[in-house]
Amino acid sequence: MHVLVLGAGQLARMMSLAGAPLNIKISAYDVGSESVVHPLTQMPIVNGKAVVDDLASAIRLADVITAEFEHIPLDILAICEESGKFLPSAKAIKAGGDRRIEKKLLDDAGVKNARYFVIQSYEDFQKAIEHVGVPMVLKSALGGYDGKGQWRLKEAGQADAIWAEMAECIAATKNQAIVAEEFVPFGREVSLVGARSADGTVAAYPLAENVHTNGVLSLSTAITDQALQEQAKQIFSAVADRLDYVGVLALEFFDINGSLLVNEIAPRVHNSGHWTQQGAETCQFENHLRAICGMPLGSTRLIRETTMINILGEDTLPEAVMVVEGCHIHWYGKSQRPGRKMGHINVCSADLDSLQSKLAALAELLDQAAYPALHEFAGKS
Ligand code: AMP
């Protein structure tokens with residue numbers, strides 16, 4: 001099988017690594033440079049003697065097309081959908097890339113999410129304050145991720161100051177809007193990553209508890225909580241069935257005293273599922289490929305307690321990290337930029353107590369400034 005991935009970043013890279021043992025070959029279309037590359041080497045793809053450097057040839061060559069991100073130009077999405085090879089679907093990708101469509105999908109699926117109001121003008125903003133109330137969280141409908149394109153309105157008096165920035169954001173992008181959301185006083189954030197195959201079979205991973213720092217994921221730990229898992233799985237099925245989804249889908253939730261509210265969806269493999277590479281019987285990348293290639297899904301069973309630590313903005317690790325038993329380093333081969341997702345570490349152990357000890361050992365080796373969430377988490381025992 002030959003899979004073309006829209007996007008040539010770390011998710012395509014990890015799909016490539018997971019696909020190789022199943023003889024699934026991956027090529028990646030870098031939307032920025034408009035080139036087709038191998039996701040591990042970033043070098044051109046060769047088919048026989050011909051270099052495959054344009055999207056049309058790559059589409060012809062592929063058995064299946066998928067995506068590693070949701071902010072895909074609509075013309076490219078349309079061409080891929082027309083080929084009849086694209087999975088999950090343009091509809092699912094659009095729901096992940098536009099908060100208005102996402103909110104409507106959640107409402108249509110009968111799934112609880114934060115109260116909201118769509119803003120396009122100052123008058124809308126005033127109505128949103130009435131409808132949603134303060135404090136509120138404001139998010140750009142298009143293009144926002146990892147906490148970017150977001151504002152917090154703590155009291156109505158700050159509205160004019162924030163409006164200047166929001167108006168600029170709306171004007172900068174065609175069809176842009178701001179989605180105002182009630183501020184949710186959640187206890188913690190969890191996510192469910194699961195795979196759905198074309199016949200409707202769902203295989204969900206254990207929930208992950210996620211810690212964000214400045215809107216960016218820093219730690220994910222697989223958790224066992226049967227009641228919460230069941231609730232999450234029902235919501236997952238409601239959303240995935242509505243989309244007739246094929247592939248891996250991630251749902252991010254706010255946990256309010258055991259009641260789940262959907263924050264957002266990601267129609268793709270997800271950062272909060274990277275722990276599955278070492279912590280689950282079959283990792284999310286393999287299960288995504290199995291689903292879209294029409295193969296049976298693999299077991300999502302937890303095989304050992306695992307925490308994933310994101311490496312943000314750093315391009316080296318102390319060698320001693322490699323010596324900590326159960327520690328697995330995954331670099332993405334990217335050039336360094338402050339705050340950029342450069343890699344992650346999966347830390348595994350037989351039980352939660354020994355996992356906590358390993359996290360404490362890692363906190364000794366890693367700088368507090370670069371890994372604040374790890375230091376906080378490790379200090380909790
Ligand atoms: P998002 O890009 O929607 O995932 O938002 C980034 C982070 O902002 C989330 O992981 C939450 O920590 C926080 N956040 C987003 N929406 C809300 C909300 N409605 N209420 C409280 N916190 C929020």
Side-chain angles (χ1 to χ4, degrees), residues 11 69-71 93-107 111-119 125 128-156 158-159 162 165-166 169 173 176-193 207-221 223 232 235-236 239 249-257 259-275 308-310 312 339-341 372-373 376-377:
L11 302 180
F69 75 125
E70 47 275 0
H71 303 296
I93 298 294
K94 284 178 191 166
D98 185 331
R99 292 190 193 272
R100 288 163 291 198
I101 302 175
E102 181 180 48
K103 283 290 198 182
K104 183 165 182 324
L105 166 71
L106 297 175
D107 290 344
V111 161
K112 277 194 286 178
N113 61 93
R115 195 166 59 237
Y116 69 101
F117 195 90
V118 178
I119 300 174
F125 191 16
I129 293 171
E130 271 172 43
H131 180 76
V132 171
V134 282
M136 69 162 75
V137 180
L138 298 134
K139 305 175 181 181
S140 63
L142 301 173
Y145 63 96
D146 284 348
K148 293 187 180 77
Q150 291 195 11
W151 300 266
R152 299 275 192 276
L153 181 69
K154 294 199 174 113
E155 47 195 71
Q158 298 173 321
I162 294 182
E165 277 184 38
M166 282 169 42
C169 171
T173 307
Q176 183 63 287
I178 307 288
V179 177
E181 253 180 38
E182 65 176 314
F183 181 84
V184 178
F186 58 86
R188 62 176 175 174
E189 293 181 81
V190 298
S191 59
L192 190 78
V193 173
L207 282 162
E209 179 172 345
N210 303 320
V211 182
H212 294 84
T213 308
N214 302 323
V216 182
L217 184 68
S218 40
L219 293 182
S220 273
T221 302
I223 58 168
I235 298 172
F236 181 96
V239 175
L249 168 74
L251 296 190
E252 293 186 68
F253 301 100
F254 298 128
D255 176 4
I256 311 153
N257 297 321
S259 176
L260 295 178
L261 210 67
V262 178
N263 173 28
E264 61 180 5
I265 71 163
R268 55 175 167 79
V269 286
H270 192 251
N271 197 170
S272 70
H274 291 1
W275 67 267
M308 187 238 32
I309 305 166
N310 261 346
L312 301 170
R340 192 174 199 194
K341 286 181 181 169
E376 201 177 311
F377 200 75

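Start at 1 and go down the list; that is how both ligands and their atoms are numbered. All residue numbers in this chain count up from 1 along the given sequence.
Counting only non-hydrogen atoms, the option in Glu181, Met136, Glu182, Arg152 that gets closest to atom 14 (N) of ligand 1 is Arg152. Of the listed residues (Asn113, Val216, Val184), the one carrying the non-hydrogen atom nearest atom 21 (C) of ligand 1 is Val184. Of all the listed residues (Phe254, Tyr116, Phe186), Phe254 holds the heavy atom that lies closest to atom 17 (C) of ligand 1.
Which parts of ligand 1 touch Phe183 is read off a 4.0 Å heavy-atom cut-off, strictly below it: atoms 20 (N), 21 (C). Close approach of ligand 1 to Lys139 (heavy-atom distance below 4.0 Å) involves ligand atoms 3 (O), 15 (C), 16 (N). In the vicinity of His212, heavy-atom distances shorter than 4.0 Å reach the ligand 1 atoms 10 (O). Residue-ligand proximity, Arg99 to ligand 1, at heavy-atom distances under 4.0 Å covers atoms 2 (O), 3 (O). Listed by number with element, the atoms of ligand 1 under 4.0 Å from a non-hydrogen atom of Glu189 are 9 (C), 10 (O), 11 (C), 12 (O).
For ligand 1, the polar-atom distance check finds no N/O of Glu252 at less than 3.5 Å from any of the ligand's N/O atoms.
Here the closest heavy-atom approach between residue Gln176 and residue Leu142 is recorded as OE1-N, 2.9 Å. Smallest separation of non-hydrogen atoms from Glu70 and Gly96: CG-O, 3.3 Å. Considering every non-hydrogen atom in both Ile265 and Leu251, the closest pair reads CG2-CD2, 3.2 Å.
Only the side chain of Asn263 comes within 4.0 Å of ligand 1, judged by heavy-atom distances. Only side-chain heavy atoms of Gln150 come within less than 4.0 Å of ligand 1; its backbone N, CA, C and O stay farther off.
Counting heavy atoms from C-beta on, the side chains of His274 and Leu217 never come closer than 4.5 Å. The side-chain heavy atoms of Ser272 and Glu189, taken from C-beta on, include no pair separated by under 4.5 Å. Side-chain atoms of Val193 and Trp275, non-hydrogen and from C-beta on, never get closer than 4.5 Å to each other. Tyr116 has its side chain out of reach of Leu106: every pair of non-hydrogen atoms, C-beta onward, lies at least 4.5 Å apart. In this structure the side chain of Ser220 never reaches within 4.5 angstrom of the side chain of Asn271, judged on heavy atoms.
Proximity of Arg115 to ligand 1 is not established, as no heavy-atom distance is less than 4.0 Å. Contact analysis leaves Arg188 out of contact with ligand 1, as no non-hydrogen atom separation drops below 4.0 angstrom.
Aromatic ring pairs are classed by plane angle as parallel below 30°, tilted from 30° to 60° and perpendicular above 60°; the pair His131 and Phe117 is tilted.
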